[in-house]
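Bear in mind that the values here come from a model prediction, so they are computed numbers and not experimental data. Letters A, B, ... are given to chains in the order of the sequence lines, protein chains preceding strands, and every chain is numbered from 1. Basis for what follows: all heavy atoms, side chains included, without hydrogens, waters or symmetry-related copies.
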2 protein chains.
Amino acid sequence: MESKYDSLTLKNQLCFPIYLCSKEIIHKYTPLLEKLDLTYTQYIVMMYFWEKHSSNVKELSQALLLDSGTLTPLLKKLEKKGYITRVRSTKDERNLEVTITEKGINLKEKALAIPDSMAKCIDLSDKEIEMLYSLIYKVLLNVLKEEK
Amino acid sequence: MESKYDSLTLKNQLCFPIYLCSKEIIHKYTPLLEKLDLTYTQYIVMMYFWEKHSSNVKELSQALLLDSGTLTPLLKKLEKKGYITRVRSTKDERNLEVTITEKGINLKEKALAIPDSMAKCIDLSDKEIEMLYSLIYKVLLNVLKEEK
DNA sequence: TCCTTTTCGTTTGTATACAATTTAATTTTA
DNA sequence: TAAAATTAAATTGTATACAAACGAAAAGGA
């Protein structure tokens, strides 16, 4: 039965399942990350530092699409755990130099098992993963177009 | 250059872009929903009530995969806006009967333009949407498997 | 150089999210 | 039927998220 309200039904939403998917995957990550004393967002930030040992809030914010208001308290928590250091730049006092510590680097070893464990849970073929990745990325770029 | 840490790089993450996609789509919704005095989650809840005029917290929680701790304050806000009513069931006082109001029903008219507006922003072909929907749904079901 | 503007990060306020606990009501069981 | 177990929703505590306002520092311009 057709109705002009069809586009307002839950089953016709595309964003809602994406939102649920994100939420439930993160939920699956949680027990794995607890062993590293990390939340999902903290894990993403640490992943950034495993690739690039030093950064600042602005760079992180642009790379991870996270607000500085989200990053400031999060980085303080990571500092408290001893995974990073936060120091004002001497060259430009506005900048905060964030650097991974030895302890933070070593954490990568403990994280090695996580991606496999998650892949098993998501349970898609390589082809499906590739397809999903490219579609999601396309949407992301479209949504980000003409802003930011 | 291959490394045993490849699976821990940001560009090899599948969940991260899904998470960003969800976040950024919701961000796109925000100005549209402001005209209805709704947040995204509140919009989802209202969408549920546009299809089924009455429910309770448990049913909502199962249908929308939202915790009662999330729903309780959210429903109180929707009640305050006059879109729903919250009344304890007389048959079983543990249950909270949540019902959409006339004002809540009328809100659907104002929401009619939103899906088109969002579709334009997401900008995928019908085929791509179908593909993305089915892949996301598959992941969601896999992740939910053997829990909940 | 002094003033305006911009930039960077922090803070404040609002809204999710969920785990864990609590409270009240109902159901089950001994 | 009285006690134990279960259920439903609310509460508490922690962690995002982001908008908007703020403060300090640096850059740019007159």
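- With distances taken from any side-chain atom of B:Leu74 to the nucleotides C:dT26, C:dT16, C:dA19, the minimum falls on C:dT16.
- Contact annotation for A:Leu71: no contact, since no heavy-atom pair falls under 4.0 Å across all strands.
- Regarding B:Ile26, its CD1 atom lies at a distance of 13 Å from the C1' atom of D:dT16, rounded to whole Å.
- Looking at heavy-atom distances under 4.0 Å, A:Ser68 makes contact with a base.
- When the P atom of D:dA10 is taken as reference, atom CG of B:Leu75 falls 8 Å away, rounded to whole Å.
- The nearest whole Å value for the distance from the NZ atom in B:Lys58 to the C1' atom in D:dT7 is 8 Å.
- Residues A:Thr70 and B:Thr70 each lie close to DNA chain C; by heavy-atom proximity, the contact nearer the 5' end of the strand is made by A:Thr70.
- When the side-chain nitrogen and oxygen atoms of B:Asn95 are compared with OP1 and OP2 of D:dT7, none of them lie within a distance under 4.0 Å.
- Summarising the geometry, the separation between OH on A:Tyr43 and C1' on D:dA15 is reported as 18 Å, rounded to the nearest angstrom.
- Under the 4.5 Å side-chain criterion, counting only non-hydrogen atoms from C-beta, B:Asp116 is not in contact with A:Ser7.
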Test side-chain hydrogen bond (donor to acceptor under 3.5 Å, both in side chains) applied to B:Asn12 and B:Thr9, step by step: CA-CA 6 Å; B:Asn12 286 332; B:Thr9 56; 3.0 Å; yes

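- Looking at residues 79-89 of chain A, you'll see A:Arg86, A:Arg88 sit with a heavy atom under 4.0 Å from some atom of DNA chain C.
- A close approach under 4.0 Å does occur between a side-chain nitrogen or oxygen of A:Lys23 and OP1 or OP2 of C:dC18.
- Look at CG on B:Leu64: it is 15 Å from C1' on C:dC18, rounded to the nearest Å.
- Residues A:Tyr40 and B:Tyr19 have side chains in contact (heavy-atom distance under 4.5 Å, counting atoms from C-beta outward).
- Each of B:Leu75, B:Val45, B:Thr85 was compared with B:Val98 under the side chain to side chain contact (heavy atoms under 4.5 Å, CB included) criterion, and only B:Leu75 meets it.
- Contact check, B:Tyr19 against D:dA17: a side-chain N or O comes under 4.0 Å of OP1 or OP2.
- The shortest distance between the side-chain N/O atoms of A:Thr41 and the OP1/OP2 oxygens of D:dA17 is below 4.0 Å.
- Nucleotides of DNA chain D nearest to A:Lys91 and B:Asp67 differ in position, and the one nearer the 5' end is that of B:Asp67.
- We find that CG of B:Leu66 is positioned 19 Å from P of D:dT16, with the value rounded to whole Å.
- Computed from coordinates, the A:Leu78 CG to D:dT16 P distance equals 8 Å when rounded to whole Å.
- Distance from the side chain of A:Lys76 is smallest to C:dT10 among D:dA15, D:dA19, C:dT10.
- Between A:Gly82 and A:Thr101, the shortest heavy-atom distance links the atoms O-OG1, 2.6 Å.
- Taking only side-chain atoms of A:Asp92, from C-beta outward, the nucleotide of D:dC18, C:dG9, D:dA26 with the closest atom is D:dA26.
- When heavy atoms are screened at a 4.0 angstrom cut-off, B:Thr39 is found touching the sugar-phosphate backbone but no base atom.
- Nearest heavy-atom pair across A:Met118 and A:Lys28 is CE-CB, 3.8 Å.
- Distance CG (B:Leu96) to P (C:dA25): 14 Å, rounded to an integer number of Å.
- In this structure, of C:dG9, C:dT16, D:dT7, it is C:dT16 that holds the atom nearest to the side chain of B:Lys77.
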Worked check of salt bridge (charged side-chain N to carboxylate O under 4.0 Å, His left out) between B:Glu109 and A:Lys4: CA-CA 10 Å; B:Glu109 288 300 328; A:Lys4 67 167 174 166; 3.3 Å; yes

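- When the nucleotides D:dA8, D:dA15, C:dT10 are ranked by their closest atom to the side chain of B:Arg94, D:dA8 comes out on top.
- Using a cut-off of 4.0 Å between Lys/Arg side-chain N and Asp/Glu carboxylate O, B:Lys11 and A:Glu51 are scored as not salt-bridged.
- Distances from the side chain of A:Asn56 to the nucleotides C:dG9, D:dA9, C:dA17 place C:dG9 closest.
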